[in-house]
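The structure appears below as structure tokens.
The figures that follow rest on heavy atoms only: side chains count, while hydrogens, waters and symmetry mates do not. Proteins come first, then strands; the chains are lettered A, B, ... in the order of their sequence lines, and each starts at number 1.
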Amino acid sequence: MHEKYLGQLQKRSSKRKLTDRLVSFAAIACVVIVLIPLCSIIFEVVNRGGHVINWRFLTDIPRGFNTEINGGLGPSIQGTLILVGLASLVSVPVGILTGIYLSEFAGNGRFPSSVRLINDILNGMPSIVIGLLAFLTLVLAMGSYSVTAGAFALSIIMTPIVVRVTEESLKLIPMTVREAGHALGIQKWKVSMFVVLMAAKKGVLTGIVLGIARIAGETAPLLLTIGGTRSFFGGFDSSVDAIPVRIFQYARSPFDPANSAAWGGALILIVLVLIVSVALRLIVEGKSFGTKAHTL
Amino acid sequence: MTIGVAGNKDHKSIIATFMLKKRIKQDRIFRLILFAAGGYILFIMGLLFFTLSQGSIPVLEYMGLEFFYGIDWNTVEGRETYGILPYVIGTLLSSAIAMVIAVPVSLMIGVFLSEMTGPRVSTPISFIIEILASVPSVIYGLWAFFVFRFWLVDYVELPLHKAFGENIFLFARTPFGLDIFSAGIVLAIMIIPIISAVMREIMKTVPNSQREAAYSLGATRWEMVKTAIVPYAKSGLLGASILGLGRAIGETVLVTMIIGGAKGPLAIPDSLFSPSNTISALTAQNFAEASGLQLSALIGGALVLVILAFGINLLAHFMVSRMVKTVPTA
């Protein structure tokens, strides 16, 4: 009797172990499967885009009619930098102030809760819809496609990210830091801006960098707002170009040289985003909210 | 309270009250600025609904409710018809294909990173996955269009078609890579890094006592994950998946490049290998030449998309939001 149960138990236990092994194997396989596309993407972008990159490609305006690469992506690179810069100019202050509000001043009342909720939902809105919003407001009001409309769309995409990360970073700062400030008789707004925010600055910076990495590669909202052009920046009410939009257009072209230029643009874009991501990593790695706050 | 001016007691207290009032006023002003910043977020969301509703009035007046269930899309003047249904189907179907693949794979990756390996392995792999999550979708699209779809046709779609094409309608069409199946697969590749990064964070929030309890009852690692981790983190894991779904239904350029860009009744797929279209891709393809009624129809489509995304993210907010500390690279 006893032996019979023992045998059954052993059988079942070896089956359980087998399942465990199989699942572990499947997990490793999943990780490998996911790494394959990354390797392929990086390989193809470097391989196909690398040979078109030269000084002229980085600085000249696009010339020719897609049938030959003759010129470069200068205006697109400039346009992307201007768009991201302008969007950050709006998103960083608005995002940080909203984050401070939610973490330091608001509590859990109806208004702050709805700001949190709407912020999260806005963060998940399809970017093309945001582009349509910018088109229906700014482009129609100004009468033309413009860098302002593009930057407005990008700032709507970036702001919720900054808000969220700022709020979460500020909440990690221990209460004692705030109490120390208040005990010295410092006003609440100064405590928030110069003590709590400064203690959490690495977290906040992470949010900003995250937002920049996200909007630098956005394509859909720009398709509806910036118009696209072959010349350099010509004022806040005129069209600009952006790297992702240029990649998209060149990729849909039937001509090989244009496709090569798309890969070249992809290489530039991926290098930009990688630089931003690595910067993010460095910021995060050096961070430790608790200790930082205590050494204040 | 420090005051710089010497004087009798009354004088001092008057100045002190004055200073205090000034300080309180400063705080009030600051509070007002913060309130305005928070209000801005609500304002943008309100503006989104207002402008899209406003913009879709012409097409709704012209088509009536048929706009929502009609399947024809004709922009020729005089015979204009706009029905959004095929693109809603395409949107939901391509996202569903993506989710069917992405959720189990992401769960496995999450388990691998949080339960199977120490920081020496999981840190670099997490780093790589975060990079993947930050690759712009236009680059996924470029890669899918020029590289991946040929693999997919040769190694997945054609073999499936040859083996099952005659018997199962799902594989009936001769595949050539620009179809709803490839769109779903590439969407999955795009959202797996996003979902798995969040899932890893969520699994890490499960307290060790849960794991220890399962192990002390003799559970194997998989049984521990099944009985201790997954039930504890259920809502967070579900929320992470929904976040991925939100990304998939709104994705534009990648889908535009790979889904085949069908219009009207043709956009309703009759097999996995037929071309289709989504709401956002339709907008991207036709926006440049759209005006009048067609523009209004595209705006109406966007309104449908916004309502879909609003619902999905509302769900995700309540399930995941306060379990994850930072914004997933999203």
Side-chain angles (χ1 to χ4, degrees), chain A residues 16-17 19-20 23-24 26-28 30-31 34-35 37-38 40-41 44-45 94 97-98 100-101 105 114-115 117-122 124-129 132-133 136-137 156 161 164-165 168 187-189 210 213 217 219-220 223-224 244 247-248 251 262 266 269-270 273-274 277 281, chain B residues 23 26-27 30-31 33-35 37-38 40-42 44-45 47-48 51 55 105 108-109 111-112 116 125 127-128 131-132 134-136 138-139 142-143 145 147 189 192 220-223 243 246 250 252-253 257 280 283-284 287 299 302 305-306 309-310 313-314 316-317 321 325-327 329:
Chain A
R16 287 170 52 208
K17 271 184 191 151
T19 318
D20 188 50
V23 173
S24 304
I28 293 168
C30 284
V31 173
V34 166
L35 295 184
L38 177 73
S40 173
I41 288 172
E44 297 290 344
V45 167
V94 172
L97 287 176
T98 310
I100 291 178
Y101 175 68
F105 283 78
S114 54
V115 171
L117 172 68
I118 294 298
N119 189 64
D120 275 4
I121 293 175
L122 203 57
M125 272 295 155
S127 57
I128 191 158
V129 170
L132 211 48
L133 168 65
L136 290 172
T137 50
I156 296 177
I161 302 175
R164 184 69 186 277
V165 180
E168 301 294 348
Q187 288 135 285
K188 192 164 185 188
W189 75 272
L210 213 63
T219 317
L223 284 174
L224 315 189
I247 295 173
F248 182 61
L269 188 59
I270 225 169
V273 173
L274 275 188
S277 301
R281 197 71 187 178
Chain B
R23 291 157 61 90
Q26 279 180 351
D27 260 354
F30 187 64
R31 218 192 153 87
I33 295 172
L34 294 183
F35 192 78
Y40 175 76
I41 306 282
L42 299 185
I44 291 290
M45 184 60 91
L47 194 68
L48 183 66
T51 50
V105 171
M108 281 298 171
I109 294 174
V111 168
F112 178 83
M116 286 172 62
I125 292 184
F127 180 50
I128 293 171
I131 289 181
L132 259 176
S134 65
V135 170
V138 68
I139 292 180
L142 193 68
W143 172 79
F145 186 75
V147 182
I189 293 176
I192 284 172
T220 61
R221 185 157 54 198
W222 169 239
E223 286 162 350
L243 268 179
T252 309
V253 279
M257 293 173 87
S280 51
T283 310
F287 185 79
I299 296 168
L305 189 62
V306 164
F310 196 94
N313 285 294
L314 197 68
H317 172 87
S321 59
K325 274 193 286 209
T326 46
V327 175
T329 331

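Of the listed residues (A:Leu136, A:Val23, A:Ile28), the one with the most heavy-atom contacts under 4.5 Å to chain B is A:Val23. The candidate from A:Val34, A:Val273, A:Leu224 with the greatest count of non-hydrogen atom pairs under 4.5 Å with chain B is A:Leu224. The greatest number of non-hydrogen atom pairs below 4.5 Å with chain B, out of A:Val31, A:Leu223, A:Val94, is found for A:Val31. Ranked by heavy-atom pairs under 4.5 Å with chain A, the first of B:Asp27, B:Thr51, B:Ile299, B:Ile128 is B:Asp27. Between chain A and the residues B:Val147, B:Val111, B:Ile131, B:Leu47, the most heavy-atom pairs under 4.5 angstrom are made by B:Val147. Looking only at heavy-atom pairs under 4.5 Å with chain B, the residue among A:Gly217, A:Ala27, A:Ala26 that has the most is A:Ala27.
The nearest pair of heavy atoms linking B:Ala309 to A:Pro126 is CB-CD, 3.5 Å. Shown here for A:Ala251 and B:Phe145, the closest heavy-atom pair between the two residues is O-CE2, 4.2 Å. A pairwise comparison of heavy atoms in A:Val115 and B:Gly38 identifies CG2-O, 3.7 Å as the closest pair.
Rounded to the nearest 0.5 Å, atoms CG (B:Leu48) and CG (A:Leu132) are 8.5 Å apart. Once rounded to the nearest 0.5 Å, the distance linking OH of B:Tyr40 with CG of A:Leu97 reads 12.5 Å. Note that CD1 of A:Ile156 is 9.5 Å distant from CD1 of B:Ile41, once rounded to the nearest 0.5 Å. B:Phe310 CZ to A:Ile121 CD1: the interatomic distance, rounded to the nearest 0.5 Å, is 3.5 Å. Rounding to the nearest 0.5 Å places OG1 of A:Thr98 at 11.5 Å from CZ of B:Phe35. Taken from CG in B:Leu142 to CD1 in A:Ile247, the straight-line distance is 6.5 Å, to the nearest 0.5 Å.
At least one side-chain heavy atom of B:Val306 sits less than 4.5 Å from a side-chain heavy atom of A:Met125. With a 4.5 Å cut-off on side-chain heavy atoms, A:Thr19 and B:Thr220 do not count as touching. The side-chain heavy atoms of A:Phe248 and B:Met257, taken from C-beta on, include a pair separated by under 4.5 Å. Under the 4.5 Å side-chain criterion, counting only non-hydrogen atoms from C-beta, B:Pro136 is not in contact with A:Thr219.
Interface residue A:Ser40: backbone and side-chain heavy atoms are both found under 4.5 Å from chain B. Within the 4.5 angstrom heavy-atom criterion, only side-chain atoms of A:Glu44, from C-beta onward, approach chain B. Heavy-atom distances place both the backbone and the side chain of B:Leu314 under 4.5 Å from chain A. With a 4.5 angstrom heavy-atom cutoff, B:Ile125 touches chain A only via side-chain atoms.
Between the side chain of B:Asn313 and the backbone N or O of A:Gly124 there is at least one donor-acceptor pair closer than 3.5 Å.
In this view, B:Phe112 satisfies the ring-ring contact (aromatic ring centres under 6.0 Å, His included) rule with no residue, not counting sequence neighbours.
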Note to self: Walk me through whether A:Phe105 and B:Phe30 qualify under ring-ring contact (aromatic ring centres under 6.0 Å, His included).
What the structure shows: CA-CA 10 Å; A:Phe105 283 78; B:Phe30 187 64; 5.7 Å; yes

